[in-house]
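Here's the structure we're looking at; comments come further down.
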Protein chains: 2
Amino acid sequence: MIQPGDLQCLKALAVMGGCRGSVRLSTLTLSSSLGTSPQTASRRLQSLERQMLVSRAVTAEGQDITITRKGEEELRREYAELRRIFEEEPVQYTLRGQVITGLGEGRYYMSLEPYRKQFQASLGFEPYPGTLNIRLDSQSVQVRKRLENLEWIRINGFAADHRTFGEARCLPCRIREVPCGIVLPVRSHYPEDILEIVAPTGLRERYGYRDADMVEVEVIA
Amino acid sequence: MIQPGDLQCLKALAVMGGCRGSVRLSTLTLSSSLGTSPQTASRRLQSLERQMLVSRAVTAEGQDITITRKGEEELRREYAELRRIFEEEPVQYTLRGQVITGLGEGRYYMSLEPYRKQFQASLGFEPYPGTLNIRLDSQSVQVRKRLENLEWIRINGFAADHRTFGEARCLPCRIREVPCGIVLPVRSHYPEDILEIVAPTGLRERYGYRDADMVEVEVIA
DNA sequence: ATTACTAGTAGACGAGTAA
DNA sequence: TTTACTCGTCTACTAGTAA
């Protein structure tokens with residue numbers, strides 16, 4: 001197993017072009033790129049050479065470093081691991097929390113036709129008049145923040161009855177077998193540990209959810 | 001700047017799925033994946049938390065770890081760096097060595113019509129009757145080995161004058177402005193520090209190369 | 001079982017120096 | 001200038017232990 005410090009050094013050498021030919025450098029330049037002393041940089045190069053991860057030609061004016069096949073393989077393993085994390089697997093987020101009782105606003109908004117029509121169009125179902133509120137655990141709050149990077153569906157605001165109804169955004173998700181949506185107002189601030197779920201059916205009725213019951217929300221990016 | 005050891009730990013957590021939700025683990029399981037003691041694993045987690053790269057919920061039966069947005073960004077930076085090395089840039093190899101005098105076999109083989117025709121077809125030029133032999137420096141020998149992974153052109157053998165002429169392989173390259181090819185017999189062993197170059201013109205004449213002159217061979221994958 | 005403390009030690013670090 | 005040695009220090013590790 002390659003040591004973290006050695007790996008960092010090997011990667012720095014690759015960035016300098018060590019995979020495509022020899023790189024001329026001094027321990028001083030390498031050390032500044034590693035954030036260590038020149039002595040440590042020198043030690044690292046010796047260590048990499050001993051492990052046959054690089055090949056060296058040391059002269060009085062510096063050294064020529066080439067990453068060997070074995071060294072490149074090591075870097076490619078690292079690369080493959082990261083790619084698996086970020087690319088290969090379908091990115092799926094799991095949020096956990098417990099059912100709570102909201103302010104009843106969800107029920108009201110879900111009864112408004114302009115909202116209903118937009119949810120129907122974007123989520124593919126007629127929203128049940130009422131939302132499920134979930135208080136996320138501390139871990140899921142972090143996951144929740146990550147969802148900001150995903151593509152939310154825009155729900156336009158409108159005016160009616162001498163007032164305006166604000167813009168919202170919505171992210172498709174799933175609770176058990178039921179396709180749902182996370183709804184969030186765009187303008188007004190919303191607690192980061194609360195999730196408001198719109199669904200085609202009443203989830204409390206369907207699954208017998210009561211306050212403080214644990215639920216899992218799946219989001220597939 | 002994140003420390004190499006912390007980065008290793010963060011990556012291990014990501015492999016376990018820490019980017020898509022919380023991961024339940026114990027210091028013992030983490031330590032075995034890092035190759036350290038459980039104590040060090042514990043310290044790493046504390047360090048990552050202090051840097052706000054992960055969020056933790058520590059219980060008596062283990063801990064739930066979630067990689068924060070900042071932590072994921074750190075990993076993505078790492079990923080981007082490796083991708084630049086292996087994907088983005090056109091992979092170009094540079095080999096260095098000095099001109100030497102070969103055994104004159106190259107000249108003979110290059111005079112044989114079946115070989116000539118195949119070189120013409122695959123490299124796009126009529127080979128000059130004679131090859132340039134190059135002794136690679138120790139660094140370039142390492143680069144030379146890396147070329148094995150590239151796609152070489154097959155040059156078929158043939159029979160003539162009661163003997164057989166062996167199969168060879170060829171890799172397009174460039175010396176200065178001249179498109180050339182590296183030639184290598186397939187069956188017989190060839191010194192790993194010697195490069196035999198076939199070119200459309202006599203390189204010695206064109207550039208006035210003499211023995212011991214330094215030359216650079218560029219290979220673009 | 002856990003986590004994370006304290007303690008003692010080993011190894012890594014940077015400064016100085018020689019080649 | 002370089003590299004890489006020796007040396008003293010201090011960090012970072014593992015072992016043991018408490019919660």
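Labels below follow one simple rule: chain letters A, B, ... track the order of the sequence lines, proteins then strands, and each chain is numbered from 1. In what follows, every heavy atom counts, from backbone to side chain, and hydrogens, waters and symmetry copies are set aside.
For the salt bridge (charged side-chain N to carboxylate O under 4.0 Å, His left out) with B/Arg76, the qualifying choice from B/Glu73, B/Glu72, B/Glu78 is B/Glu72, the only one to do so.
The distance from atom CD of A/Gln39 to atom P of D/dC5 is 12 Å, rounded to the nearest whole Å. Nucleotide D/dT2 holds its P atom 11 Å from the CG atom of A/Leu25, rounded to whole Å. Between the CD atom of B/Gln8 and the C1' atom of D/dA12 there is a distance of 14 Å, given to the nearest Å. Between A/Leu28 atom CG and D/dT3 atom P there is a gap of 8 Å when expressed in whole angstrom units. Straight-line distance from the CG atom of A/Leu45 to the P atom of D/dT3: 8 Å, rounded to whole Å. Atoms CZ (B/Arg50) and P (D/dA12) sit 11 Å apart, rounded to a whole Å.
Ring geometry, B/Tyr79 versus A/Phe86: the interplanar angle falls from 30° to 60°, so the pair is classed tilted.
Contact check on B/Arg169 versus B/Glu148 returns a salt bridge, with a Lys/Arg side-chain nitrogen under 4.0 Å from an Asp/Glu carboxylate oxygen. A salt bridge links A/Arg77 with A/Glu74; the closest basic N to acidic carboxylate O contact falls under 4.0 Å. With salt bridges taken as basic N to acidic carboxylate O contacts below 4.0 Å, one links B/Arg204 and B/Asp211.
Side-chain nitrogen and oxygen atoms of A/Arg43 include none within less than 4.0 Å of the OP1 or OP2 phosphate oxygen of D/dT3.
Sequence order on DNA chain D of the closest nucleotides to A/Val58 and B/Pro38 puts A/Val58 first from the 5' end. Summary of the strand contacts: B/Gln3 and A/Thr59 both lie near DNA chain D, and taking for each the nucleotide with the nearest heavy atom, the more 5' one is attributed to A/Thr59.
In terms of the side-chain contact (heavy atoms from CB on, under 4.5 Å) criterion, residue partners of A/Val215 (sequence neighbours excluded) are, by chain and number, A/Val99, A/Ile134, A/Tyr209.
Using a 4.0 Å heavy-atom cutoff across all strands shown, A/Arg56 reaches sugar-phosphate atoms only and no base atom. Among the heavy atoms of the strands, none lies under 4.0 Å from A/Leu30. Within the nucleic acid shown, A/Thr40 comes within 4.0 Å of sugar-phosphate atoms alone, with no base atom in reach, counting heavy atoms only.
Using a 4.0 Å cutoff to heavy atoms of chain B, the contacted part of DNA chain C runs 5' to 3' from C/dT2 to C/dC5.
Taking each heavy atom of A/Glu196 and A/Thr131 in turn, the nearest pair found is OE2-OG1, 2.8 Å.
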